[in-house]
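Notes follow the structure.
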Amino acid sequence: MSSTPEDSLESLAKAKRLVLALLPQDRQPTPDEVQNAVTVIFGMLAGQGEILDRDQLAKEIETITTVFQEGSSGLENDKGHEPWLPEAKNDRDWDFWERYRRYLEDVHNLPPIVVRRLDQSTDEVLSQLEDPRRVGSWRRTGLVIGQVQSGKTGQYIGLSAKAVDAGYQFVVILAGIHNDLRSQTQLRVDEGLLGFDTQHQQRSNQNGKSRLMGAGRMPGAKRLDIASPTNSSEKGDFGRQAANAVNFPLGRFPVVLVVKKHWKILEYLRTWVTEVQGAEDETGRKVVRDIPLFIIDDEADNASINTNRDPDADPTKTNAAIRDLMQSFEKSAYVGYTATPYANIYIDPDVDHAELGADLFPDSFIRTLPSPSNYLGPERVFGLQVDTDDEDDVPPLPLVRAVDDAESWVPSKHRSSFIPSDNLPQSLREAIASFVLSCAARRAREQTKVHNSMLVHVTRFTAVQGIVRDQVADHLGFLVDSLRDRYGKGPERIAEFQALWKRDFVPTTDHFPMDEAERLTWAEVSAQLMPALRKIVVKTVNGASRDALDYYEHRRTGLSVIAIGGQKLSRGLTLEGLTVSYYLRVSSTYDTLLQMGRWFGYRPGYEDLCRLYTTPDLQAKYVEVTAATDELRREVEEMAALDLTPGDFGLKVRASSLGLSITAANKMRQGAKVMLSYSGEGPETVIFNLAQKTVDHNLKALEDFVQRLDGVTVADSKVPGGNVAWRGVPSEMVADFLSSYETDRMAQRVRPRFIAKYIDQCMAVGELPQWTVYLIGKAAAQNPQNVAGHVVGPVTRAAINSDFRTEGRYTIRRVLSPPDEYLDLDKEQVDTALEATQKAAAMKKKEKVPQSPSGEHLRWQRRPDQALLLIYLIEQPTSPGGVAEPPLVGFKVSFPRSEHQSDTEYVVNSIWQQEGLDFFDNEENGE
């Protein structure tokens, strides 16, 4: 019978394992199946004398079985590759993977579907590497695209476990450019893969007392032979001392190194391993022949990119060192991991340096990793409008708070010598109070021995960060003193906390599905205020700071910290239990914005307590970069369904209307021309300016266009008030109409003049010779309109902004009715597009089978001479005075794929904000 808290936890863990084993493994279980399995196991264990809380067991099982995760998809290049994994599944032991899988399920309590998807996705990546037992010389390079803070580290530790099981005996993990990130990654590797504490031993079966940890410490875990010359201490990187301390042979068991991404360390590593294990080739260069190398490049878009202007010249040092290390092994595999792959896909795939060989373009494969449904990512924080027909929009969660009072405290542009004013902005005071409340609320939910973090990211300068740290610490001390002063300021301070709780936290929590027991009363929260406050410390986290986020040392009691930082907090470093972020740091590139989003991740049991305080301008930028990144991932998925290779990946990244660039200028010198092509795109108007002048102007532009159409081709109209079609329309006429069309200034994603410029450039290379134009009509419309002699019924599109009259703009979800996009295609093209749409859904393990083709796949089926322009008259709601308003004019363009999209460089100059790019280039040199 259970008698201690530890016994109860062990009984609960055993019960969960047994219940999960009873549930279906190939799909999500139904609620009835969960309850039935809980009843069976609860009864069985009760019969054995083990006392359990049945409701708690059922609740935990429900929590982990309601998580859903789609499958991964990707582009693959099998040239020179020999399939091997299915056979290897039977002829090798997979002990490291099985131990890691058990560790994720039993210790980390990951949902079964997440572990299954991890198993599948790591198999998919491993299968694209070469069999480490394959003789001869080979090289494979790939890229895995995840999301910020979504579990990429756990994924590549799983991949490493399978790689060493398969026979890769020399694994090098490149873990960022700072010591603390390298140390943090090594600790994760120690726990998940090695199974021992590298600060106390180098090899798992080392003589003497063993310091097991993580997967190696689980009851019944196998002791597996593996070694690491690097360790998890701050100074545990590879170097002369580490090399001299190596007291084991290479090539007899797996050796794993976690090293900083610095050319000196990589060069020293290459020299050491070739001296120990290398043999001279015909040129006199030492090459390791008998040990396959596997490199995992974490944050692969950072520091690994060759930023020299001439790709064939000698590359930058870190890039050269990685390539040199690969060239020093006869058999090598490289997999980059990143959430922001923009720089990687702009690498020149054709570079072949005389000594260093090919660059790190992911020639072998590109894969995307969808996040589980319990991931708090950009889409859920900022919302996402999707243009596809088989996916729903994602509404934003009510977690973002506007900051409009910080400019006088720390201006967005300031120098390293700047001294912030003594008066903290009210928004920061509120953010700190929110953090205190979130810590107290977690305590009230019995989340007591957990980490709690707050991020304050307002400057990149370490000197300014130091001043901010002192100011925040002083304010925290003031709060503690106030609450202690029961008869002075205490009641007043308590009242302020209570007002913030009722005004902000209570209504926000109402947006989240949870049990009534988790909906806290003020009495429960207020009782935990002082214990929560006393535990909070303030630290700076930067290159000049001696502070460290020592989560591991506080793993049993939990660390509560307000972290003041900059660049070191924006690349890979995880803030454990992050609830409140105060973020003002301006950036001009997509990738930096996403990397700075430390607030993304997993927040089980406290999503509703998370807050992001930022400026409206930054929030707008995040909305835009979220859409662009989602589009990039979907592009990979769509191309994967068409069995295309990375070499076919003529990638384009949506342009920014807010002055953002894709990545740093020096990272995309080889790719600036491709980034903004409309090839295969379907831009459509969804925001309309209601100013009478604009409405009239666009109606007049449409009248003129229709008159010109009638002058060159015969209109086809089958139903009065219905669609009117013109075929064989010259491109010049379409470009002229788009050039004359006026959009609302907030219509960021559709810029008709840029589209017209793209058409002109396609015409210059012999593409888009003619168009089909449809004026879409609704035959049953109540107010048919006469457009240059053609009677057309306006369509209705509901506004998603209810206050459109006050705003002066009418916003809709989509102007397109999806079947309209294939009005001009033949049945074979539509059927092929539907088949590809269904294949893409199957690859992502979607349960719902699409019944109509997606726009992306329809555009893939268009021939170069099959461009389509759809024009819509949209009925305006009657004015408050009952007066009928003239219709709005909207359009949708359906472009075929271009063979010459790399020639379309027109948008670069309009968004390339040189001041911002120079700022970012300097920033990458460190703080």
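We number each residue from 1, following the sequence as shown.
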- Item | Step-by-step salt bridge (charged side-chain N to carboxylate O under 4.0 Å, His left out) determination, E105 to R101 | CA-CA 6 Å; E105 290 178 341; R101 179 191 59 75; 2.7 Å; yes

- Lys/Arg-Asp/Glu bridge criterion (N-O < 4.0 Å) met for E330, R289: yes

- Task: Run the numbers on V115 and D119 for side-chain contact (heavy atoms from CB on, under 4.5 Å), then give the verdict.
- Result: CA-CA 6 Å; V115 178; D119 190 9; 5.6 Å; no

- Item | Cationic tip of R897 above W860 ring, under 6.0 Å, 45° of axis | yes

- Query: If we ignore angles and hydrogens, is there a donor and acceptor under 3.5 Å between the side chains of H81 and Q128?
  - Reply: no

- F895 versus S679: any side-chain heavy-atom pair under 4.5 Å? no

- Could you check V125 against Y156 for side-chain contact (heavy atoms from CB on, under 4.5 Å), going step by step and ending with a plain yes or no? CA-CA 10 Å; V125 174; Y156 68 65; over 6 Å; no

- Note on the structure: Of R323, E267, K261, the one forming a side chain to side chain contact (heavy atoms under 4.5 Å, CB included) with T318 is K261

- Indicate whether the side chain of Y822 and that of Q829 have a donor and an acceptor atom separated by less than 3.5 Å. no

- Message: Between E191 and R188, does any side-chain N to carboxylate O distance fall below 4.0 Å?
- Response: no

- Task: Find out whether F170 and V273 are in side-chain contact, i.e. whether some heavy atom of one side chain is under 4.5 Å from a heavy atom of the other.
- Result: yes

- Item | Criterion side-chain contact (heavy atoms from CB on, under 4.5 Å) on V288 and L293, from CA distance to verdict | CA-CA 9 Å; V288 179; L293 167 70; over 6 Å; no

- With the side chain counted from C-beta on, respond yes when L22 and L20 share a heavy-atom pair under 4.5 Å apart, and no when they do not. no

- In terms of side-chain geometry, is the basic nitrogen of R182 or D298 positioned less than 4.0 Å from the acidic oxygen of its partner? no

- Message: Quick one, D131 with E82, criterion side-chain contact (heavy atoms from CB on, under 4.5 Å). Give me CA distance, side-chain angles, the key distance, then yes/no.
- Response: CA-CA 8 Å; D131 183 352; E82 296 181 4; over 6 Å; no

- Task: Find out whether T274 and W272 are in side-chain contact, i.e. whether some heavy atom of one side chain is under 4.5 Å from a heavy atom of the other.
- Result: no

- Are the aromatic ring centres of Y334 and F294 under 6.0 angstrom apart? no

- Task: Would you tell me whether S121 and Q155 have side-chain atoms, one donor and one acceptor, within less than 3.5 Å of each other?
- Result: yes

- Beyond-backbone contact of W84 with L126, side-chain heavy atoms, under 4.5 angstrom: yes

- Message: Tell me whether the NZ or CZ atom of R203 lies within the 45° cone about the ring axis of F253 and under 6.0 Å from its centre.
- Response: yes

- Query: Distance under 6.0 Å and angle within 45° of the ring axis: does K89 meet both against W94?
  - Reply: yes

- Do S328 and R285 have side-chain N/O donor and acceptor atoms under 3.5 Å apart? yes

- Item | 4.5 Å side-chain heavy-atom contact, V189 and S160 | no

- Pairs flagged by ring-ring contact (aromatic ring centres under 6.0 Å, His included) wherever residues 100-136 is involved - sequence neighbours left out: Y103-H108

- Message: Checking side-chain polar atoms at under 3.5 Å, does Q186 have a donor or acceptor matched by the opposite partner on D190?
- Response: yes

